[in-house]
Amino acid sequence: MIIRKSAREIEKIAAAGALVAETIAHVGSVIAPAVTTDELDAAADAFIRKHRGVPTSEGYKGYPKAICISPNDVVVHGIPGAYEVAEGDLVTIDVGITLDGYIADSAYTFAVGEIDEEAQRLLDVAQDALATGIAEARVGNRVGDISHAVQTLVEDAGFSVVRSLVGHGVGRHYHEDPHIPNFGEPGRGPRLSEGMTIAIEPMITAGGSDVVVGEDGWTITTADGSLAAHFEHTVAIMGDGPRILTPRVGLARSVEV
Ligand code: MF3
Ligand code: CO
């Protein structure tokens, strides 16, 4: 069942979303060579709680940390730990926050210092894929319009979308209907209507689509060891077009429609 939200509820999700964006920027300011992902998680946890939020991932289906941190070939759900960030890494920070009973979800892949040209192109394509997906998040379109726009942009660039992981409705719960796949056919799937709030999140790789789950039951890496990138926004379908509820703050490049 798809839960459409009232204007009042969308403002609550936007308030959670603003804190998500600030948390991502805060973690970004702490990312540096030799910092561990555990230290980044602790920084996020303290920042979120200082602002009266609750990290939604913590305890979700038993997830042990405040946020997900996914370096290099880790696509999503990397568990913060002893890993030390290094120059040249791609590091995805994925943050869900519950504030005043409402939830927003966003992710951003940071480059650590100098990265190679192909890694930079992967980041650019993933951000463009998110933007083109958001542009399709309009009343009267269908979920497949978002999915197809993302897939086409990514595959035309020579990269792959991960198919076994999808975006989702979000707001009252972390994961609501509908699924938002990053591949599909235009004009197919659930129709988008006013008040829907969805997390659009292209997860892309420089190699193939296949991913594997690690022994910890969470960490999802590319099967071929290729680099991955992941950008996500929580978006409301409004009468006058998509509204990003997790707009970037304090980052080098923002994703706008
Ligand atoms: N934030 C993730 C998403 O984009 C969900 C993480 S669930 C967790 O949907 F338990 F791994 F944190
Ligand atoms: Co999400």
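Order of appearance sets the numbers: ligands from 1, and atoms from 1 within every ligand. As a basis for the values below, the full set of heavy atoms in this structure was taken, side chains included, without hydrogen atoms, waters or symmetry mates. Sequential numbering from 1 along the given sequence is applied to the chain's residues.
- Glu9 and Tyr102 share a side-chain donor-acceptor pair at under 3.5 Å.
- With the Co ion (ligand 2) as vertex, Glu232 OE2 and Asp105 OD2 subtend 80°, rounded to 10°.
- With 3.5 Å as the limit, one finds a donor-acceptor pair spanning the side chains of Thr92 and Thr109.
- Of the candidates Glu176, Glu194, Glu11, Lys5 forms a salt bridge (Lys or Arg N to Asp or Glu O under 4.0 Å) with just one, namely Glu176.
- Residue Glu201 has at least one heavy-atom neighbour below 4.0 Å for each of these atoms of ligand 1: 3 (C), 4 (O), 9 (O).
- Between His168 and Glu201, the side chains place a donor N or O and an acceptor N or O closer than 3.5 Å (distance only, hydrogens not considered).
- Here the heavy atom of the protein found nearest to atom 3 (C) of ligand 1 is Asp105 OD2, 3.2 Å.
- Using a 4.0 Å cut-off between heavy atoms, Cys68 contacts ligand 1 through its side chain alone, with no backbone atom that close.
- Between the Co ion (ligand 2) and Asp94 there is no N/O/S contact shorter than 2.8 Å.
- Given atom 7 (S) of ligand 1, the protein heavy atom at minimum distance is Tyr60 CD2, 3.8 Å.
- A side chain to side chain contact (heavy atoms under 4.5 Å, CB included) with Ile13 is found for exactly one of Asp100, Thr246, Thr234, namely Thr234.
- Every N/O-N/O distance between Tyr63 and ligand 1 stays at or above 3.5 Å.
- Annotation for ligand 1: atoms under 4.0 Å from non-hydrogen atoms of His168 are 3 (C), 4 (O), 9 (O).
- Comment: Glu185 does not engage Arg142 in a salt bridge, judged by the lack of any side-chain N to carboxylate O separation of less than 4.0 angstrom.
- For ligand 1, the atoms closer than 4.0 angstrom to any heavy atom of Glu232 are 4 (O).
- Residue contacts with ligand 1: Gly96 is excluded, as none of its non-hydrogen atoms falls under 4.0 Å.
- Below 4.0 Å from some heavy atom of Trp218 lie the following atoms of ligand 1, by number and element: 8 (C), 10 (F), 11 (F).
- Taking 2.8 Å as the threshold, His175 does not count as a candidate ligand of the Co ion (ligand 2), since none of its N, O or S atoms lies below it.
- Looking only at protein heavy atoms, the nearest one to atom 2 (C) of ligand 1 is Asp94 OD2, 3.3 Å.
- Between Asp116 and Gln120, the side chains place no donor N or O within less than 3.5 Å of an acceptor N or O (distance only, hydrogens not considered).
- Counting only N and O atoms by type, the side chains of Ser57 and Tyr174 include a donor and acceptor under 3.5 Å apart.
- Expressed to the nearest 10°, the angle at the Co ion (ligand 2) joining OE2 in Glu201 with NE2 in His168 is 90°.
- A 4.5 Å side-chain heavy-atom check between Val95 and Asp105 finds every atom pair outside the cut-off.
- Of the N and O atoms on the side chains of Ser226 and Asp224, at least one donor lies less than 3.5 Å from an acceptor on the other residue.
- Look at His175 and you'll find a heavy atom under 4.0 Å from some atom of ligand 1.
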